[in-house]
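Take a look at the structure set out below.
Predicted, not measured: the structure shown is a model, and the values here were computed from it. Per chain, numbering begins at 1; letters A, B, ... match sequence-line order.
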Amino acid sequence: MKDTLKSMILSAARRAHEEGILPCSDFPEVVLETPKVEAHGDFSTNFAMVSASIQKLPPKKIAQAVLDRLEDTRKWIQRVEVAGPGFINFYLYPSAWHPVLEAVHAQGRQYGAANLGKGRRIQVEYVSSNPTGPLHVGHGRGAAVGDSVANILSFCGYEVQREYYVNDSGRQIETLGRSVFFRLKALLGQSVPFPEECYQGDYIRSLAKEILQAEGDAIAAGTDADGIAFCARYAAEKITAQMEEDLRRFGVTFDRWFSEQSLYDAGKVDQTLAQLQAKGDIYEKDRAVWFRSSAYGDEKDRVVIRKDGQPTYFASDIAYHKDKYERGFETVIDVWGADHHGYIARMKAAVEALGHSKERFKVILVQLVNLLRAGVPVAMSTRAGEFVTLREVIDEVGKDAARFLFLTRHHESPLDFDLELAKKQSNENPVYYVQYVHARISSILNKGKERGVEEASFSREAASKLLVPEEIRLLKALAAYPEVVRQSAAFMEPHRITFYLMDLAALFHAYYNKHRVLTDDPILTRARVSLVFGVKEVIRNGLSLLGVSAPKKM
RNA sequence: GCGCCUGUAGCUCAGUUGGAAAGAGCAACGGACUUCUAAUCCGUAGGUCGCAGGUUCGAAUCCUGCCAGGCGUACCA
């Protein structure tokens, strides 16, 4: 609809030019927007104001010239006016909105989909928490954002792969092994000191107990080094499996769990460093090996091999990203916690040094989550093993409420997550507000079916009965959905969907309270059933992009 | 010190990428259930968009400089 109006405006302007009223044949792109105030019409364009400097004419004069030459072949426009400093405002007939409903009915689950991606391959990597402890709330936000971005991109025509990078190598895994090993020793009755840098949480003791029961004798008989290595492998696998299960319950599943260790096993870290070395981007200084990231915009060079000979995390991360591009992804998206933002410049530098455009690497930074209970901050410290796990949050407030609340903020603003609020089944909790629309409409449709109303049918005759302002508002909102999805994909901002759904829900609840869907007039009833069915479809579609269910009953 | 993010109603936050008079929810106050789900709705009240300049027809939005908060600034990950 917008596109049709845009081309109407442009051809009117061209005619004005041919008639010699507008001197210049150069026209800006027509931007149509929905005014904030309903009194300013259904659509509005600043075309005349933007053209003013090119045409060297007052905006109002240009607007009038365009307005006089509009050819409304579809009979949509009830009234056009020049307003304010030179806006052209369009007031449409209710019938202009009826085709929207036809599109929603025809496209169903696909309504709102776009083909921005044109099948291009894109990878979203998210969560990627070290397998040294359980997932906590902060990871939950990253999971919700990453998963939703993946859903949205997939809905918009990208071929999306979801990946979890498992840091199953290096120092922190060794620390994990030692932590479990020392706890196990203690269980064996040996008094050993428990180093401060080791993980303190209770889950370490549980793991030690498990190993003791299964492999206790072998561990006791073997060397400490073997014992630590065994504990490390066992614990990392076990924790990874638990994370996978937690995420599954959170509605998040990955196409691939990518092991950091596998990069070393396949010699890919060495290969990658050799490639950079061949380009002259690697050098030795102070007995360590450095990557010349400052040549690619980073503030300084970075160590890739420490002087003790051990590669840094960054070294394998470069190899990992090289591997991603070799797997054929055109764009690679990493979802990181905001505390990693200092890492972006060096990773971008690495991507560029590997010969890929920086544009092909994007980072979504997700800000911290402050966990509250009834307004009081809940203390969290990973070191001390005091934290609220994602699993506890899911158990306490449910998957839907948690995922929805994580997406009620722009991902770059910090989020207060209140456990009590999340559990509240009231207006304070937006997830129920939106889901309630779906449940209410489902209920209406059931009642309608009992009375013999066909739910999914659309007819132009019936649709023409949709005339009250609340109905037009709903139709306009449905019409806006595809644009919201596109923007959400373009900016990788799922919260746009969340806010759209809350707005649509508000419009529906207002309509519901003012008008009855099932009336004595069969044609009007059919029209309204058809409308609310459309609303239900869009609510369900939107919620599914957020990974939230759309219940038929509440 | 430098870098990134954030400052919008009492609180929590949106703001269509530069548009018209600034938008919700919560909290406060007053109303609406014999009706398709009241987990809902209607109404009232609430603002120097951190501050100061600049860019132009027009700024919460872009630029510069301050102020405040968070995070980062490892041969940790």
Exercise. Under 3.5 Å for both distances, Watson-Crick or G-U wobble, that's the pair rule; now give the dot-bracket for RNA chain B, with | marking pairs to another strand and [ ] for crossing ones.
Key: (((((((..((((.....[...)))).(((((.......))))).....(((((..]....))))))))))))....

Quiz item: Are A:Phe314 and A:Tyr343 close enough that their ring centers fall under 6.0 Å?
Solution: yes

Exercise. At under 4.0 Å between heavy atoms, which parts of nucleotides 30-35 of chain B does protein reach? Answer with one letter per nucleotide, 5' to 3': B base, S sugar-phosphate only, - none.
Key: -----B

Quiz item: Are OP1 or OP2 of B:A38 and a side-chain N or O of A:Tyr512 less than 4.0 angstrom apart?
Solution: yes

Self-check item: Proximity of A:Phe43 and A:Trp97 rings by center, below 6.0 Å
Solution: yes

Exercise. Say whether, by atom type as modelled, one donor and one acceptor occur between the side chain of A:Asp301 and the main chain of A:Ser294 under 3.5 angstrom.
Key: yes

Quiz item: Hey, can you pull the residues of residues 469-481 of chain A with a non-hydrogen atom under 4.0 angstrom from RNA chain B?
Solution: none

Quiz item: A:Leu101 and A:Leu466: which non-hydrogen atoms are nearest, and at how many Å?
Solution: CD2-CD1, 3.8 Å

Exercise. Could you tell me which residues satisfy salt bridge (Lys or Arg N to Asp or Glu O under 4.0 Å) with A:Lys61, sequence neighbours excluded, listed by chain and number?
Key: none

Exercise. Could you list by number each residue of residues 484-501 of chain A showing a heavy-atom separation from RNA chain B of less than 4.0 Å, or answer none if no residue does?
Key: A:Phe491, A:His495, A:Arg496, A:Phe499

Self-check item: Presence of donor-acceptor pair under 3.5 Å, side chain of A:Asp339 and base of B:A77
Solution: no

Quiz item: Quick one: what's the B/S/- string for nucleotides 1-10 of chain B, heavy-atom cutoff under 4.0 Å, read 5' to 3'?
Solution: --BBSS----

Quiz item: Does A:Tyr436 put a side-chain nitrogen or oxygen below 4.0 Å from OP1 or OP2 of B:A39?
Solution: yes

Quiz item: Does A:Arg516 offer a backbone N or O that forms a donor-acceptor pair with the side chain of A:Arg528 under 3.5 Å?
Solution: yes

Quiz item: Are OP1 or OP2 of B:U16 and a side-chain N or O of A:Lys36 less than 4.0 angstrom apart?
Solution: no

Quiz item: Given the side-chain rings of A:Tyr165 and A:Tyr320, with only the six-membered ring counted for Trp, is the space between their centroids under 6.0 Å?
Solution: yes

